[in-house]
Amino acid sequence: MIDAKASCGALWAGAWNPLNQNGLVTILSGRTFLHCSWNSSGSECLVSDSRGDILHLNVKTNRWKVITNLKPSPCSIEFALKRRDEFLVGLTDSQVKCMNTKGELVSIMGGHESVVNQIRVSPDGTHAITISSE
């Protein structure tokens, strides 16, 4: 269980078995999560919460940490990129930010006039398309 007041820690004590009972739903209680994206291997996950925190969960190492805080809260997140340590975040201010898992900003992309609702990435992680209401 994640301590909602902490900024890092273990996902669970003991052996890892996410497929039993409620899986990650049980582990992630205590925060209001809005969006989630798994990497292409399924071993790491990024989640955004209502406070604007983006958390990196690594199921292989049994660890999680808050990697950055974005205001306002992200509207979409995509982690399955070719560069495995980078992810895209769609924001309400019509921007898409590319960040890495250290919390560093890689680039900011514009072009939309409204909230970026969804981001989709090609299977090989080399192309992305962003979707908004316009």
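FYI, the numbering just counts along the sequence from 1.
For the side chain to side chain donor-acceptor pair (under 3.5 Å) condition, the pairs that include at least one residue of residues 81-97, sequence neighbours left out, are Ser40-Arg84. Listed by first and then second residue, the salt bridge (charged side-chain N to carboxylate O under 4.0 Å, His left out) pairs that reach into residues 35-47 come to none, sequence neighbours excluded. Evaluation of the side chain to side chain donor-acceptor pair (under 3.5 Å) test over residues 117-131, restricted to residues two or more places apart or in two chains, returns His112-Thr130, Gln118-Arg120, Ser122-Asp124, Asp124-Thr126.
Contacts of Ser133 classified as side chain to side chain contact (heavy atoms under 4.5 Å, CB included), with partners at least two apart in sequence or in another chain: Ser114. Legend: residues meeting salt bridge (Lys or Arg N to Asp or Glu O under 4.0 Å) with Asp49, ordered by chain and number and at least two apart, are Arg31, Arg51.
More than 12 non-hydrogen atoms from other residues, nucleotides or ligands lie less than 6.0 angstrom from NZ of Lys71.
The NZ atom of Lys65 sits 9.0 Å away from atom NZ of Lys102, with the distance rounded to the nearest 0.5 Å. Distance check, rounded to the nearest 0.5 Å: CG of Asp53 to OG of Ser48 gives 9.5 Å. For the atom pair SG of Cys75 and CG of Leu34, the computed distance is 9.0 Å after rounding to the nearest 0.5 Å.
Not one N or O on the side chain of Asn58 forms a donor-acceptor pair closer than 3.5 Å with the backbone of Asn62.
When side chains are defined from C-beta on, Cys45 does not count as touching Ser37, because their heavy atoms never get closer than 4.5 Å. Between Val116 and Ser76 there is a side-chain heavy-atom pair separated by less than 4.5 Å. Considering only heavy atoms from C-beta on, Phe33 comes within 4.5 Å of Leu55 through its side chain.
Cluster annotation: Trp38 and Leu88 are assigned to distinct hydrophobic clusters (Ile/Leu/Val/Met/Phe/Trp/Tyr, side-chain heavy-atom contacts under 4.5 Å, transitive).
Minimum heavy-atom separation, Gly125 to Val121: CA-CG1, 3.5 Å. Closest approach of Gly90 to Ile119, counting heavy atoms only: N-CD1, 3.5 Å.
Under a 4.5 Å side-chain heavy-atom criterion applied to ILVMFWY residues, the cluster that includes Ile131 comprises that residue alone. Other residues sharing the hydrophobic cluster of Phe87, ordered by chain and number and joined by side-chain separations under 4.5 Å: Leu46, Ile54, Ile67, Leu70, Ile77, Phe79, Val89, Leu91, Met99, Leu105, Ile108.
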